[in-house]
Each structure stands twice: as structure tokens, then as C-alpha cells.
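Contents: one structure, followed by commentary.
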Protein chains: 2
Amino acid sequence: MPLTGEAPPLDETARAILDAASRRFLHYGYGKTTMSEIAGDCNMSTGNLYRYFPSKLDIAEAFVRRLRAEQIRLLREAVGKPGLSVQEKLRGFFKLKLSLVYERFHQRPKAYELSQEILRERPSFADEWEQAESRVLCEVLDEGQKSGELALCNPQRTARILQDIFFRFASSAVYYEGDYDVLEGELDDVMDLVWDGFQHRKHG
Amino acid sequence: MPLTGEAPPLDETARAILDAASRRFLHYGYGKTTMSEIAGDCNMSTGNLYRYFPSKLDIAEAFVRRLRAEQIRLLREAVGKPGLSVQEKLRGFFKLKLSLVYERFHQRPKAYELSQEILRERPSFADEWEQAESRVLCEVLDEGQKSGELALCNPQRTARILQDIFFRFASSAVYYEGDYDVLEGELDDVMDLVWDGFQHRKHG
DNA sequence: GGACTGAATGCTTCCTAAAGCGTTCAACGC
DNA sequence: GCGTTGAACGCTTTAGGAAGCATTCAGTCC
């Protein structure tokens, strides 16, 4: 499963380093985890870590890429379920995204913090992530074109517009706001209106 | 022009304090402005300020309310122009909002920082602000209902959904991202799709 | 010669005392 | 008696030295 932004394959030692670091990042957070601790967990010197990862931040990035790859997998799974209409697929995509984002903030604060740290230090990561999601969306939209459920002039542009439209449900502001059910209800209403727009375009 | 969230009328001294504070907030920022400086600008003691405002933050809030009231006025003005269709009014509303937010971040950094500070200390301010905008939107939507351009079952809910949909164009993330023209282009595409949805609902 | 070490380096973070500043209110002046 | 002051209070921020930690690389080992 190729995924742009996926790290190159790791050898056994690099993977051991990443596993050890991941455990500490999730438990103690990025800032409280030291390179000497990670090295100790791997029974090697601190200096040796740099033969595998150029910096501490690169270890963190590799970890976040893992998390993100898992999310993409889940999103693909959700839209890949047999028997769903295109509308159901799109709705499921954005609802799952909401629940993943919401859960990470509330249940896995260290993972959330780490994501924020990566976004701060490497802003291009956000674009990359959006591109990866956009590809999943395009597949769904292309499918809708083929099945006759949609009539779009530019599926890529449409994917971008959908990401704009549902941005609120994946933004950090949402974590402090209203509760999950309210958010989900609003997301449903937004999806209804979007679908009505698609219907209008289909029937001219 | 009543506006919920508007501060009670200020007497002459309170207004002088607010004016002096405003100048300093805009020039030096909130954090660098001290109460003793403000008091000095008003030829009074520091302690006397507290007869007019309960705290430094309340002065800041009064200032931000001024800024927001001005924004609401501009938004009302934009949608109140004669001869515009409802679609043009809605489009104009969100485009103006984008330009105001964008300009404040790029041209008036201290005003932006102050807004952020108020939102941090007084989160309910965000709801209040959204309610104020929602009212303007509702007026436009009600007008659309009356003129037959729209067929909505709940204008208030629709206003809320529109705010969700256009959230990205008013969120802080937008300041670091792409340039203004790209944003405006996307906003137009979103508005087009939203309008198609409204059309679909009108014609069944 | 390649894999690895661990001390050195220098940047970042932490800690703590001092300074700054928001707020209060007893005292003052009219 | 009311409006105002400005010093006191205590919380917050700052500054500077110490400690911590990411990173480098000369030296060592196999």
C-alpha cells in the first residue's frame, strides 16, 4: 500500500529505536523523553541513535507517520465497506475523521501533543496529510462518477472543497467546544446540504 | 443599533480610559501595556482605574467589543447594499469576513493578539461573537425566504450550518496557509456548492 | 574499516531570587 | 461624604546562572 509521505523501510535496529521512542512519547510526551533514555531502552549509546535517525524530531516524525498511516487505513476501510452508497461513504469518511480526531485529543493527549509539535516544526506535514486524505476522497468521488451518483467536473477540486467544508470538524478549536453529539449532528446537516448540491448538479 | 454583548454606555472618564488603553494596546500590545501607564495617560492614579473597569482584562474586553461591533457594522453594510441577490449577499458576507480576519492578522498584529488573549481568558466570547454574526445571517436568510429565493425549514439552524461550512476561512489556521486569492477562490467554490444545495431544496 | 562509544560542545530548559505589575484599601483632601 | 491617591500586598514575569540534553566526532574495539 504506497502512501506518499511514508517513511523509507526501517531496518531492525531503526524499528527497535522507533518502538522504544514511541512507547516513551505516548507515556511521557515528546518533551520529557530524552535521547539517552531511548538509547538506554535499546541498549546502545546515545550517539548511535544518530546513525538511524538524523534527529530526535525525525524519530517523532516517523512515529506520527505511523499514526497517520493507521488513520488512512481506517478511513479507507470505512469507505471500502461493500454495499454503501457514495453519500454514505462520504458521510462515513468525515464522521470517522471526527471521531478519530476527537478521541485522540481526549484519550491520547500525548499523541495529540506530538502531532502539534510536528505541525509546528514541520508545517508542510499538514499539506501532506491533507493530500493523503484527498486521495481517498477522490477515489470515492471517482466511484460516484462511474456509478452515475455524481456529476462533477473536477473530482480533485471537489475533494479540496469538501475538505474546506468539513474543516471545522477536524480543527483544534472543536476540542474545546460543544460535545460530540452536537458536532455529529451538525456534520450530518452539512453533509445533507452538500449532497443536495451534488444532486442539483447532477440533474442540471 | 442594539448589539448583544455590547458594553454598557461609558461615561466620559471610562471612555477616556478606554481610548488611552486602546492606543497602547494597538501599539505595544496587551502584555506590554501596564495599568500605571494607562493611568498616567489619563492623569489619574492607577487605583482609580478600578472604579471604572474591574480589571485590566475588562478594559481589553471593552476594546475588543469595539472592534467586533465595527466588524458587525461592516458586515451589515455589505449585506444591506441595495440590488444584491441573496446569493450575492451571502457570498459578500463570507468574503468580507475573510478579508477582515486576514487583514487583521497581517496588518494589525496587536489587535489580533488581543483578540486571542480575550478568547483564551474568556472562551464564551467566541460563542457570543458567533451569535452576533448568526443574527446578520438570519436576516439575509429570512429575506431569501420572503423573496422566494430560498426554501429553508429553519433559518437559524441554516445560519449555524453556514458558519460551520465557512469556518476554515475565518480560522487561525488560514493565516499561515495559502495566499488570499487561493482562499477566495475556494470560498467561491464552496459558496457555489452551497447555493446549488439551496436550489435543490427549493425545487424539491 | 565499519560499528559503536562517551565525552565535549553549545544550545535549550530549568530554577530561583529579584523585579515588575495588577489589585486593594486605608488614608487623605476637598 | 465622596472622589482620589499611592503604598502595601501578593501573584506573575524576568533575568541570569546552573543544569539538562540534543548533537557531534575523535577515539576505541572487533
Side-chain angles (χ1 to χ4, degrees), chain A residues 7-65 110 113-114 116-122 125, chain B residues 7-65 110 113-114 116-122 125:
Chain A
L10 302 175
D11 71 21
E12 191 154 331
T13 308
R15 196 160 55 241
I17 291 168
L18 184 51
D19 290 345
S22 302
R23 281 190 295 270
R24 283 188 175 270
F25 289 155
L26 283 177
H27 193 268
Y28 301 103
Y30 176 70
K32 289 289 184 186
T33 297
T34 65
M35 292 298 263
S36 59
E37 285 167 349
I38 298 169
D41 292 350
C42 302
N43 297 302
M44 69 175 68
S45 73
T46 306
N48 205 32
L49 296 181
Y50 294 86
R51 287 183 54 232
Y52 299 90
F53 293 94
S55 70
K56 182 182 177 185
L57 188 63
D58 285 281
I59 306 180
E61 184 180 316
F63 173 57
V64 171
R65 284 186 189 282
K110 299 301 173 188
E113 280 164 38
L114 191 48
Q116 295 300 102
E117 181 78 32
I118 296 294
L119 291 179
R120 202 159 32 242
E121 300 291 334
R122 303 212 167 138
F125 197 78
Chain B
L10 301 175
D11 71 21
E12 192 153 332
T13 308
R15 198 161 52 241
I17 292 167
L18 183 52
D19 291 344
S22 301
R23 280 190 296 271
R24 285 189 174 268
F25 290 155
L26 284 177
H27 193 265
Y28 301 105
Y30 176 70
K32 289 289 184 190
T33 298
T34 65
M35 292 297 266
S36 59
E37 285 167 351
I38 297 168
D41 292 347
C42 301
N43 298 303
M44 70 176 67
S45 72
T46 305
N48 206 32
L49 296 181
Y50 293 86
R51 291 183 51 233
Y52 300 89
F53 294 95
S55 71
K56 184 184 178 185
L57 189 63
D58 285 280
I59 306 181
E61 185 181 316
F63 174 57
V64 171
R65 284 185 189 282
K110 299 300 174 189
E113 281 165 35
L114 191 48
Q116 295 300 104
E117 180 78 32
I118 297 294
L119 290 179
R120 201 157 35 240
E121 299 291 333
R122 306 221 162 130
F125 197 78

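Letters A, B, ... mirror the listed sequences (proteins, then strands); counts begin at 1.
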Quick one: does [X]'s side chain get under 4.5 Å of [Y]'s, heavy atoms only?
X: A:I118; Y: A:F63; value: no
X: A:V64; Y: A:E117; value: no
X: A:R51; Y: A:T13; value: no
X: A:M35; Y: A:Y50; value: yes

Check your understanding: In terms of side-chain geometry, is the basic nitrogen of A:D58 or A:R65 positioned less than 4.0 Å from the acidic oxygen of its partner?
Key -> no

Check your understanding: Roughly how far, to the nearest 0.5 Å, is the OG1 atom of B:T46 from the CD atom of B:E37?
Key ->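 OG1 of B:T46 is found 10.0 Å from CD of B:E37.
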
Point to revise | Spatial distance of atom CG (B:D11) from atom OH (B:Y52) [nearest 0.5 Å] | key: 5.5 Å

Exercise for review: Strictly below 4.0 Å, heavy-atom distances to any atom of DNA chain C: list the hits from residues 49-60 of chain A, or just say none.
Suggested key: A:R51, A:Y52

Exercise for review: May I ask you to list the residues of residues 14-47 of chain A, by number, that have any heavy atom positioned under 4.0 Å from an atom of DNA chain C?
Suggested key: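 Listed by number, they are A:M44, A:S45, A:G47.
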
**Study point:** Donor-acceptor pair, side chain of B:K56 and main chain of B:Y30, under 3.5 angstrom
**Key:** yes

Point to revise | Rounded interatomic separation in angstrom, taking CG from B:N48 and C1' from D:dA7 | key: 16 Å

